[in-house]
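In what follows, a single structure is set out as structure tokens and then discussed.
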Amino acid sequence: MFKRVENELELAMFNGIWTTVWLEKGFELEFSKQVLERYVVVTNEGHYVGTTEIKPYSSESPINEMAAFDKHPKIIQAEGAVAEIDKMALLRTYRGHCISDLLSAMVEFGEENKLKYFVALLEPVFHRALRISFQVPLEKISNKIFYKGDYVIPTIVDAEKVYTHKDQYPWLTPSRSVAQAGTRN
């Protein structure tokens with residue numbers, strides 16, 4: 001299950017998870033100055049195990065220094081309907097089990113905010129899992145590049161395609177607040 005970060009305790013859990021994963025992978029830590037939303041993945045047992053952060057995107061965003069997202073026709077055409085995904089992380093023992101929650105958080109945010117695309121720098125193995133196992137509509141905009149400790153693939157995620165064709169993505173899961181509301185009826 002995933003849920004929005006709503007208090008200081010959840011923010012501490014969020015920061016503890018992604019920094020643990022980043023240090024394990026050898027990435028440099030970089031705390032975001034501007035954030036649209038943060039999500040945590042929580043197991044049925046109440047363990048916090050994953051994170052996703054959504055940041056504003058514009059032609060001035062620092063991510064454009066790594067790859068020319070701002071020059072891509074889809075991103076230019078979708079101006080104002082694009083956000084950046086950052087800090088997608090799962091603790092080691094939960095990898096492969098909770099990816100659908102990370103993706104579902106992204107899709108929920110995209111739909112609520114009428115976004116067309118997300119831009120991201122994805123770790124190559126994760127990129128492959130999203131493309132092959134989850135069939136997420138991705139567009140690689142350049143070859144992998146070395147960034148802050150490891151190789152990443154500059155990628156555009158077609159969020160609109162997923163939330164307008166939910167039946168094609170059986171891995172989609174509701175947020176904890178939606179799931180809890182459903183159990184009260």
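Side-chain atoms are counted along with the backbone in the values below, which use heavy atoms only and exclude waters and symmetry mates. Computed from a predicted model, the values in this text were never measured in an experiment.
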If you take all heavy atoms of E53 and V35, which pair is closest and at what distance? OE2-CG2, 3.6 Å

Grouping I, L, V, M, F, W and Y whenever their side-chain heavy atoms are under 4.5 Å apart, do L122 and I141 come out in a common cluster? no

Run the side chain to side chain contact (heavy atoms under 4.5 Å, CB included) check on H165 and D167 step by step: do they pass? CA-CA 5 Å; H165 298 90; D167 58 316; 4.2 Å; yes

CG/L11 to CZ/R38 distance, rounded to the nearest 0.5 angstrom? 5.5 Å

Electrostatic pair K25:D150 at N-O distance under 4.0 angstrom: no

Connected via hydrophobic side-chain network under 4.5 Å: F14 and L23: yes

Quick check on the hydrophobic clustering: are V157 and L102 connected, directly or via other members, by side-chain heavy-atom contacts under 4.5 Å? yes

Would you please indicate yes or no on a ring centroid separation below 6.0 angstrom for W18 and F27? no

Considering only heavy atoms from C-beta outward, does the side chain of R131 approach that of V136 to under 4.5 Å? no

Do the side chain of S133 and the main chain of L130 share a donor and acceptor less than 3.5 angstrom apart? no

Between R4 and E112, is there a salt bridge with N-O shorter than 4.0 Å? yes

Set out, in order, the CA-CA distance, both residues' side-chain angles and the distance that settles side chain to side chain donor-acceptor pair (under 3.5 Å) for T173 and S104, then state yes or no. CA-CA 6 Å; T173 61; S104 295; 3.3 Å; yes

Do the charged groups of E24 and R95 touch, with an N to O distance under 4.0 Å? yes

Joint cluster assignment, Y151 & Y147, ILVMFWY side-chain distance < 4.5 Å: no

Without swapping roles, check the side chain of E10 against the backbone of E6 for a donor-acceptor pair under 3.5 Å. yes

With a cut-off of 6.0 Å (strictly less than), are more than 12 heavy atoms of other residues, nucleotides or ligands near NZ of K116? no

What I want to check is whether the side chains of S32 and K87 have a donor and an acceptor closer together than 3.5 Å. yes

Under the 3.5 angstrom rule, does the side chain of N7 hit a backbone N or O of L9 as a donor-acceptor pair? yes

Output yes when a side-chain donor or acceptor of E45 lies under 3.5 Å from a complementary backbone atom of H47, and no otherwise. no

Ignoring hydrogens and angles, tell me if any N or O in the side chain of N64 forms a donor-acceptor pair with the backbone of S59 under 3.5 Å. yes

Is there a donor-acceptor contact under 3.5 Å from the side chain of Y48 to the main chain of T43? no

Mind checking the CD1-OG spacing from I75 to S61? Nearest 0.5 Å is all I need. 10.5 Å

Linking I/L/V/M/F/W/Y whenever any side-chain heavy atoms sit under 4.5 Å apart, do I85 and I153 land together? no

Parallel, tilted or perpendicular: which describes the rings of F2 and Y39, with under 30° parallel and over 60° perpendicular? perpendicular

For C98, is there any backbone N or O sitting under 3.5 Å from a side-chain donor or acceptor partner on S100? no

